[in-house]
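Each chain gets a letter, A, B and so on, in the order its sequence line appears, and its residues count up from 1.
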Amino acid sequence: MPDRPSLDGIEEKWVDVWDESGVYHFDRTRERGDVFSIDTPPPTVSGSLHIGHVFSYTHTDAVARFQRMRGKAVFYPMGWDDNGLPTERRVQNYYGVRCDPSVPYDPDFAPPAKPDPKRQVPISRRNFIELCDRLTAEDEKVFEAIWRRLGLSVDWRHTYATIDADARTAAQRAFLRNLARGEAYMSEAPTLWDVTFRTAVAQAELEDRERPGAYHRLAFHRPGGEPVHIETTRPELLAACVALVAHPDDERYQDLFSGTVRTPVFGVEVPVRAHRLADPEKGSGIAMICTFGDTTDVTWWRELQLETRPIIGWDGRIVAEPPAGLETEEARLAYGRLAGATVHTARERMVEMLRESGDLVGEPRPITHPVKFYEKGDKPLEIVTTRQWYIRNGGREAELRGRLVERGRELTWYPAFMRARYENWVEGLNGDWLVSRQRFFGVPFPVWYPLDAEGNPRYDAPIVPDESALPVDPSSDVPPGYTEDQRGRAGGFMGDPDVMDTWATSSLSPQIAGGWERDEDLFRRVFPMDLRPQGHDIIRTWLFATVVRSEFEHGSVPWRRTALSGWILDPDRKKMSKSKGNVVTPIDLLEKYSSDAVRYWAANGRPGTDTAFDEGQMKIGRRLAIKILNASKFALSVAGEDAAADPAAVTEPLDRAMLAALAEVVEDATSAFEGYDYTRALERTERFFWDLCDDYLELVKVRAYDSESPAGASARSALLIALSVLHRLFAPFLPFVADEVWSWWQEGSVHAARWPEAAEFRSAAQGGDPAVLAATAEVLRAVRKAKSEAKLSMRADVERVMVSGKSAEYARQSRADIAAAGRAAALEFETTDEAELRVEVTLPAAAE
RNA sequence: GGGCGUGUAGCUCAGUUGGUCAGAGCCCCCGCCUUACAAGCGGGUGGUCGGAGGUUCGAGUCCUCUCGCGCCCA
C-alpha cells in the first residue's frame, strides 16, 4: 500500500496485469446456461473513435463485468468493421489512389509518396484491396489500444474483422444458403442509385434532405392542340415521360383519362391515366410520370404497367441514345442537346428549349422540398434500372414481415420503448433488401455466370461453389468445371463483379464471432447471444438485418436482449459530430481525467438516453476514484492490511446499522444491474460510499484505533467488511482503481471476485437498523453546523449536545461515537413523539 | 402528416406502483491546516417540478389539451 496513493500510471499497470493473467478470458468449457455472451458492435475502423463510442462501450463493459462477477463465463469478443465504403474513401484519401478494375495488378506497386487527393492514381482492384487491408490493420491496432486503456474487459483472443477470411466465409455461406432456400434472388428493377459512388443503395441507407428546387409549369397538348398544364420539379426528365397521371376522382381530368397527349418539345404521344397516389392538391393535380424521377414514378410505372424510357445513365448523365418514342427529327435534335449532360445542365437546356417552344408557362416557382440522398453521399439519388441481388426481409410479404415483428417481441429491449422503432420500421418496409453494391472493398458474391455462344451472361443459371471452397473471389477463382482461360469468353464464364452491402456481413456478427460452422462447440455455448448492445440509430439496419439473417438460418432470434445506447450531445444539445467540429478526442480525456473518471461519466448515462458531454462529471469521477484510494488506505491502515474481518466481532449498534444499510445497497444494486440499470447501481453505491466517508468513518475513527476494547474490534471488522463489498460494487465502473485497492489486501483480481451478496454479511449486521446510522449522522451534522456557523474548526470542543425527538433513541445508541466525533463533553437524549429530530448544541462561552 | 422520447434549482440529472418528493452533484457564497484525502472537509443561498384544465382527501407522479426541444418514419 503506497504512502500517497495516486491514479498516475494506474491504467498502464493494470492493462498489463490483466493481459498477463487472462482474467477476461472466456472459459469455453462452460455450458450455455453459465455463459453470458455479448454481440459486440464492431466499430468502423476507418473513422476515428469518438467519445460516443467510449460512452456506449463502457455501458456494455460494466454489464459484462457484473455478469462475470456473478459467476458467468463472459463471452465478450471485439470486432472491427473495416468492410465497405468508408474504408474505400479513407484509403483513397490516405494514399491518393482510386480503384480502377480495368488496370492490371502490379505486384511492386507502392502508393505515391505525396498523396494528392485531387489527382488520385488509378490502381487495380487487387492493389486497392491490399491497401485497404494494410491501412485497416494499422487502424485496428490504434483502436485496440484505446479500448484496452478504457478498460474494456474484452477477451482479446476473440476478435474479428468484417473483411477477414472468417467473416467472408460466413457471409458467403449464409448467402449461398439464402440463395438455395429462395431467400436471396436476383432481379432487374429500378434501383436507387448514387451517381457519385456509382452503386445501388438500399432503403435503409436513405435519408431525406431539404433542398431548393422549382416547380416548372409545362404545357402538354391534347390531340386537338389545346394545352394540359402539369407541374414538375424535374423538367430534364421530359424525354423520359411515359404518361400523365391524375386522381381518379379529379373532375378536371375525367375527359382525358384513357386518352393521350403529346409532350412538349419532343412531341411524344403518352397516355393519361388515373391513380389514387396522384394528389389533386399538388400543383395542377396532374403530373408527368417519368422513368424514373422518384419512387412514386416507380410505383405508377409498375402498377399502371407503363413503358420504360430511361435517360439517366450510371454516371448520372443523360445517355447518348434517345429513348423509344422520340421519332421525329426535331425530337432527336432536341435530345441531342441533352445527351451527355449532367442532370443539372440538362435541366438548364431543357428549360431553354421549353421557353423556345413556348411550352414553359410563366417562370419556375422556387420551393424547398425533401430530396432522397444516400446517407454517405452528397448528390441526390437517381433511379436506374439495374440487375441486383436482394434478400427477402418482409418488404414484399406480409407473412414474413409478421414473423419478424414477432421476433422483435421475443427480445427484451432496453429501454423498452425502442421496440416501437423496430416495429415501425419493419411495418413500413416497401421492398426487399438490396444487398449488392457496385464497389470493391467488400465480400464478393460467391457466384459466376456461364457465357452463352454470343458471350452474354446467363443470369438465370448462376454457378455457385461448394461451401468447402469458401471464401472465394469470383474475379480470381475459377468456378467448378471451368478453367481460367475461359474467363470472359463465349461459352466460358464470368464472375459476379459486385460485393455485398456491408450490413450483409455485419448482420452475421453473432455467427462470425460465435464460430458458426467453424467452431460448432463454441457456437452452441454462446448462441443465441445474451446481449446485443448498439446505437438506436441503426435499429433499422444492423439490428433488423441481424434478426432477418438469424430467422432464415436458425429460425430463432439472434440474442435475448438488446440495449440501445443514446447519443452524446454537446452543451448546445446538438449531436456531436465531426462536421460540427465539436468532437473531443477520447484519448486526451482518458489521460486528463483517468479512464475510471471517464467511465464514471459514461456510466451516468442511462440506457437509451441522450447524454450531455460533460467534463464536470469526469472531474467528479476522478474525485471519486481518488477518494476510493484514500478511504481504502485509511480503513486498511486502521484495521491492518492483513487483518481479517470477523463478523462475530461486529457488536456495536452503529456498526451493525452501517452493514444493514450496506446490505440494502447491495440488493438494490444487484437488481438494478439485472435490469440493465447500471446507472442506478452506480448511484446507490456512490451515495453510500460518500456518506460512509463523511459520517461513518468520522464517527468510528477514534474507536477503531482502540485495540483494547471489543468496540474497537467491532469497528475494524465492520470497516473491512464494508471495504470488501464496496471495492466489488465499484469494480464494474471503476475497474482500475477497484483492482488497485483490492490488490492492497486481497488475493487475485477484484474482477474475478464474487459479486457481493447481502447474505455474506447479514450475520455481521445482526439485525442492525439503518435508522441508527441515519439518526447518528443527523446529530453529527447538527454539531458541525453549529461549529460552522460559529466559524470554528471541526476540532473545536462542544460543551453540551441535547437531542430530542422520536429517533433520539437511535442516536443514543451511538453516544460514545457522537461524543468522540463531535468532541462533545456532555450528551443528553430525550425520546419524544416529535417526528423531527431536535439537536441543541451548546458551545463553550469563550468560543461564542 | 404519423410514431417515439423529453421538458424538475444557473448547469448536469435523481425522483419505482400518486401521500416527509421538492432532492443530489456541479456552480456560487461563507467558513475550516481536521495526520485517509486541501485534487480535501464543514455549512449555506437557489425551483409555484414547461403551460392550462381534470380525476383524487391528496399529483413532478394519473387523464385531456397545449407549448418547446430531440429522434425515427412519410
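The base-pairing partner of B/C62, taking Watson-Crick or G-U wobble contacts with both distances under 3.5 Å, is B/G54. With a cut-off of 3.5 Å on both pairing distances, the Watson-Crick or G-U wobble partner of B/G40 is B/C32. Nucleotide B/U45: unpaired (no Watson-Crick or G-U wobble partner with both distances less than 3.5 Å). Summarising the base pairing, B/G25 is matched to B/C11 through a Watson-Crick or G-U wobble pair whose two defining distances lie under 3.5 Å. For B/C71, the paired nucleotide is B/G3, the pair qualifying as Watson-Crick or G-U wobble because both relevant distances are below 3.5 Å.
Close to B/A36, at under 4.0 Å from its OP1 or OP2, lies a side-chain N or O of A/Tyr705. OP1 or OP2 of B/G44 has not a single side-chain nitrogen or oxygen of A/Arg784 nearer than 4.0 Å.
Atom C1' of nucleotide B/G5 and atom CE of A/Met418 are separated by 8 Å, given to the nearest angstrom. If you measure from atom CZ of A/Arg823 to atom C1' of B/G42, you get 15 Å, rounded to the nearest angstrom.
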Problem - Protein proximity profile, nucleotides 22-33 of chain B - base contact B, sugar-phosphate-only contact S, no contact -, cut-off 4.0 Å on heavy atoms - result: --SSS---SSS-

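In terms of the side chain to side chain donor-acceptor pair (under 3.5 Å) criterion, A/Ser565 has no residue partners (sequence neighbours excluded). A/Glu591 pairs by the side chain to side chain contact (heavy atoms under 4.5 Å, CB included) definition with A/Arg149, A/Ile587, not counting sequence neighbours. Under the side chain to side chain contact (heavy atoms under 4.5 Å, CB included) criterion, A/Ser793 pairs with A/Arg795, sequence neighbours left out. Contacts of A/Glu778 classified as side chain to side chain donor-acceptor pair (under 3.5 Å), with partners at least two apart in sequence or in another chain: none. Taking the side chain to side chain contact (heavy atoms under 4.5 Å, CB included) definition, one finds that A/Lys282 meets it with A/Tyr215, A/Asp279, sequence neighbours left out.
As judged by a 4.0 angstrom heavy-atom cut-off over every strand, A/Lys627 is placed among the base-contacting residues. Using a 4.0 Å heavy-atom criterion, one finds that A/Lys619 contacts no nucleic acid atom at all. The residue A/Asp694 sits close only to the backbone: its heavy atoms come under 4.0 Å of sugar-phosphate atoms, none of a base. Across all strands shown, A/Trp601 has no heavy atoms under 4.0 Å from either base or sugar-phosphate atoms. A/Glu423 comes within 4.0 angstrom of no nucleic acid atom, judged by non-hydrogen atoms across all strands.
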Any protein N or O atoms within reach of nucleotides 72-74 of chain B? Criterion: under 3.5 Å, listing atom names and distances.
from	atom 1	to	atom 2	distance (Å)
B/C73	OP1	A/Arg540	NE	3.1
B/C73	OP1	A/Arg540	NH1	2.2

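Comparing B/A36, B/C41, B/G5 against the side chain of A/Phe417 picks out B/G5 as the nearest. Of the candidates B/C41, B/A39, B/A14, B/A39 carries the atom nearest the A/Arg622 side chain, counting heavy atoms from C-beta on. The nucleotide whose nearest atom lies closest to any side-chain atom of A/Arg4 is, among B/G42, B/G43, B/A38, B/A38.
Taking the O4'-C1'-N9-C4 or O4'-C1'-N1-C2 dihedral as appropriate, B/G43 has a value more than 90° from 0 and is therefore anti. Taking 90° from 0 as the syn/anti boundary, the base of B/G5 is oriented anti.
Sorted by first then second residue, the side-chain hydrogen bond (donor to acceptor under 3.5 Å, both in side chains) pairs that include residues 724-734 of chain A, not counting sequence neighbours, are A/Ser632-A/His727, A/Ser724-A/Arg728, A/His727-A/Trp745, A/Arg728-A/Glu760.
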Enumerate donor-acceptor pairs with a distance under 3.5 Å from any side-chain N or O in residues 600-608 of chain A to protein atoms, sequence neighbours excluded.
from	atom 1	to	atom 2	distance (Å)
A/Tyr600	OH	A/Glu686	OE1	3.1
A/Tyr600	OH	A/Glu686	OE2	2.6
A/Trp601	NE1	A/Ala612	O	3.3
A/Asn604	ND2	A/Tyr600	O	3.0

